[in-house]
Engineer: 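Dumping the structure here so I can ask a few things about it.
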Amino acid sequence: ILIKAQAQNGFQANYDEAKVPAYTLPDILKTTTNQPVQNKKTWEKVRRPEIIRLFEENVYGQTPKSYDRLTYTVKNENAQAMGGKATLKEVAIEVVKNNKPLTINLVLFVPNQKKSPVPVFLLINNRGKDNMDPTRAQKSDFWPAEMVIDSGYAVAAFHVSDLAPDDTTKYVNGVLQLYPEQLTANDGMKAIGAWAWGASRVLDYFEKDKAIDAKKVMVVGHSRGGKASLWAAAEDQRFAMCFTNCSGNTGAALSHRRFGETIRRINTVFPHWFAKNYKKYNDNEAALPLDQHMLLAAIAPRPLYATNASKDLWADPTGTYLSVKLASKVYELYGIKANLPANPPGINQPIMTSSVGYHNREGEHNLTAYDWSNFIKFATDQFK
Ligand code: GTR
C-alpha cells in the first residue's frame with residue numbers, strides 16, 4: 001500500500017485508505033423525515049427536491065432563476081470552419097436583470113455533415129481561453145473540437161470568467177452584480193453557482209438556435225468546472241447528460257471520507273466558490289446532512305459520467321467511484337440497473353452502463369483526448 005501524507009498549502013492530506021475515518025452517509029433513499037423512497041414518484045416529488053434544497057442551503061447556494069431579458073448577437077459566423085467540416089458561430093449572449101447586463105461569449109461549432117438539429121457537448125472552460133480558440137490556430141485536448149465534430153456532435157464552450165472571475169475578491173464582478181442579494185445571504189451563490197447559472201443561460205440560447213437539439217445538451221466540466229457541471233445538471237433538468245472530469249472534493253467525491261482534499265482546505269483556499277454556510281462543515285463532515293452521491297443522484301435518470309486520473313489522488317478516485325455507485329441506486333427506481341462492481345475498475349478500464357459511466361485514466365489531473373473519446377462513446381451509446 002502506498003502511504004503518502006502530502007502537505008498542500010500547510011494542509012495535511014490523507015492518502016491512506018486505512019486512515020479514512022468511519023462515517024455514515026445520509027441515505028439517498030430516505031426522506032429527511034425518515035420515510036423510505038421506493039418509487040420514482042416519491043423520488044421526484046419529495047426526495048429529489050429535498051436534496052436540491054440541501055445543496056442550495058449548505059453548499060452551492062441559491063441559483064436565481066429569473067431575469068428580465070436574454071438576447072444574443074452572432075458576432076462571427078463561418079460556414080467553412082475546420083476545412084469546411086463545421087460552421088463556427090461566435091455568439092454574445094446578453095442577459096439583463098434590473099437593467100444590469102451580463103455577456104457570455106459562446107464559441108460553437110456545428111458539424112456540416114449532420115442534419116440539424118444536432119446534440120451538443122458544452123464545456124464550462126475553467127482554464128485558458130486559448131483552449132477554446134475559435135480560429136483553431138491553437139488546438140488543445142482540453143477541448144478537442146475537431147474530434148467532437150468528426151464524431152457528429154456540435155461542440156461549444158464558454159469561459160467561467162464571463163460569469164465570475166476565479167478570484168477570491170473579483171468573483172463578484174459578474175452574475176453577482178445582477179443578483180446583489182446573493183452576496184450577503186448565507187446561502188447566496190458564489191463562483192461555482194455562477195458558472196452553473198451560466199451553463200443554464202447557454203442552454204436558454206440553444207433553445208433558440210435551430211442548429212442545436214436543445215433536448216440533447218451535454219454539460220462537461222473539469223475539476224472546478226466539473227463541480228459546476230454537476231451542479232448545473234442537478235439543478236437544471238433540461239441538461240440531457242453530465243460529464244464530470246476529475247471533479248474531486250465538492251464535485252463527485254465523497255466528502256465524509258476526508259481523502260485527499262477536504263472541505264476545510266477547499267473553503268480556505270477557495271473561499272469564493274461556495275456559499276458561506278458551507279464553512280460550517282470545515283473539519284465537521286460528520287455534521288453534513290448530505291454527501292456528493294446525493295448530488296449525482298439528483299441527475300438521475302439522465303446519464304452521468306465521472307472520471308478520475310490515476311495520479312490525481314487529491315480528487316479521491318475511490319471516493320468518486322463509491323459516490324457513482326451509491327447514486328446508481330436512484331437510477332434503479334427508473335428501472336435502469338447499473339450493477340456496478342463493488343470495487344473501482346482498473347486504470348484505463350472504462351465502465352459504461354445505460355445510466356452511469358466511470359473511468360480512471362492513467363496520468364495526471366487534466367482533461368484529455370482519452371477522456372473526451374470516452375465521453376463521445378458513452379453519449380453515442382445513450383442516444384442509440
Ligand atoms: C485544485 C482544487 C481542486 C480542483 C483543482 C482544479 O487546486 O483543490 O478542488 O478544483 O484545483 O480546478 O484544477
Side-chain angles (χ1 to χ4, degrees), residues 4-15 55 59-61 123-132 140-143 157-168 170-171 189-196 198-199 219-232 242-275 278-279 281-283 285 288 291-292 295-296 306-320 323 360-361 363-368 370-372:
K4 199 168 82 178
Q6 187 187 311
Q8 292 250 9
N9 297 22
F11 291 86
Q12 283 300 120
N14 173 44
Y15 291 121
F55 280 98
V59 186
Y60 305 102
L123 175 70
I124 300 174
N125 180 16
N126 59 295
R127 291 239 182 125
K129 284 190 182 159
D130 53 349
N131 285 302
M132 47 188 268
S140 137
D141 284 348
F142 197 79
W143 191 64
F158 66 92
H159 199 267
V160 295
S161 60
D162 289 353
L163 286 313
D166 195 357
D167 179 277
T168 53
K170 296 192 194 107
Y171 75 96
M189 74 171 176
K190 291 198 180 188
I192 301 268
W195 305 342
V219 63
V220 183
H222 165 68
S223 204
R224 62 197 72 187
K227 306 180 208 291
S229 72
L230 282 171
W231 181 229
C242 179
F243 296 85
T244 185
N245 196 74
C246 298
S247 59
N249 188 275
T250 324
L254 292 174
S255 300
H256 281 79
R257 282 168 46 83
R258 300 178 53 88
F259 188 101
E261 188 170 27
T262 60
I263 293 178
R264 180 164 73 96
R265 201 276 186 182
I266 207 167
N267 275 332
T268 307
V269 181
F270 305 105
H272 61 294
W273 281 0
F274 307 110
Y278 197 38
K279 306 214 167 33
Y281 303 102
N282 290 352
D283 293 324
E285 284 83 355
L288 274 172
D291 208 327
Q292 299 304 117
L295 180 69
L296 273 50
T307 81
N308 287 107
S310 63
K311 291 186 182 154
D312 182 20
L313 297 183
W314 183 241
D316 190 10
T318 301
T320 301
S323 184
N360 190 11
R361 168 179 50 74
E364 312 280 344
H365 179 71
N366 202 354
L367 174 56
T368 70
Y370 176 89
D371 300 314
W372 279 100

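As the structure lists them, so they are numbered: ligands from 1, and atoms in each ligand from 1. Fair warning: this is a prediction, and the values are worked out from it, not measured in the lab.
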Engineer: Looking at K227, which atoms of ligand 1 are within less than 4.0 Å of one of its heavy atoms?
Structural biologist: 3 (C), 9 (O), 10 (O)

Engineer: Would you say the side chain of D371 lies within less than 4.5 Å of the side chain of H222, judging by non-hydrogen atoms?
Structural biologist: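 Result no, sub-4.5 Å side-chain heavy-atom pair not found.
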
Engineer: Does any N or O atom in R127 lie less than 3.5 angstrom from one in ligand 1, N or O only?
Structural biologist: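 The answer is no, given that R127 and ligand 1 share no N or O pair closer than 3.5 Å.
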
Engineer: By number and element, which atoms of ligand 1 are closer than 4.0 Å to a non-hydrogen atom of R265?
Structural biologist: 8 (O)

Engineer: Which atoms of ligand 1 sit under 4.0 Å from any heavy atom of H365?
Structural biologist: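 Near H365, the atoms of ligand 1 are 5 (C), 6 (C), 13 (O).
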
Engineer: Are the side chains of P165 and H272 in contact, using a 4.5 Å heavy-atom criterion?
Structural biologist: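 Sidechains of P165 and H272: no contact.
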
Engineer: Measuring only between side-chain heavy atoms, which start at C-beta, is R265 closer than 4.5 Å to T268?
Structural biologist: no

Engineer: With only distance considered, is N249 within less than 3.5 Å of ligand 1 through an N or O on each side?
Structural biologist: no

Engineer: I need the single residue from F274, W273, Y60 that forms a ring-ring contact (aromatic ring centres under 6.0 Å, His included) with W231. Which is it?
Structural biologist: Y60

Engineer: Distance to 0.1 Å, residue and atom name: give those for the protein heavy atom nearest to atom 10 (O) of ligand 1.
Structural biologist: S223 OG, 3.1 Å

Engineer: Should you measure from each heavy atom of I266, which atoms of ligand 1 turn up under 4.0 Å away?
Structural biologist: 9 (O)

Engineer: Counting only N and O atoms by type, is there a donor-acceptor contact under 3.5 Å from the side chain of S223 to the main-chain atoms of S247?
Structural biologist: no

Engineer: Once rounded to the nearest 0.5 Å, what's the spacing between atom CZ of F158 and atom CH2 of W195?
Structural biologist: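 These two atoms lie 10.0 Å from each other.
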
Engineer: In this structure, does ligand 1 have an atom that sits under 4.0 Å from one of the heavy atoms of W273?
Structural biologist: yes

Engineer: Among all the protein's non-hydrogen atoms, which is closest to atom 9 (O) of ligand 1, and how far away is it?
Structural biologist: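 Heavy-atom neighbour on the protein nearest atom 9 (O) of ligand 1: E261 OE1, 2.6 Å.
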
Engineer: With side chains defined as the heavy atoms from C-beta onward, is the minimum distance between W372 and D141 less than 4.5 Å?
Structural biologist: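 No; the side chains remain at least 4.5 Å from each other.
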
Engineer: Give me the nearest non-hydrogen protein atom to atom 11 (O) of ligand 1 as residue plus atom name, then the distance to 0.1 Å.
Structural biologist: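 Answer, as residue, atom name and distance: R224 NH2, 2.8 Å.
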
Engineer: Could you tell me whether the side chain of N245 and the main chain of T307 form a donor-acceptor pair under 3.5 Å?
Structural biologist: no

Engineer: Starting from atom 7 (O) of ligand 1, find the nearest protein heavy-atom neighbour and note its residue, name and distance.
Structural biologist: F270 CZ, 3.4 Å

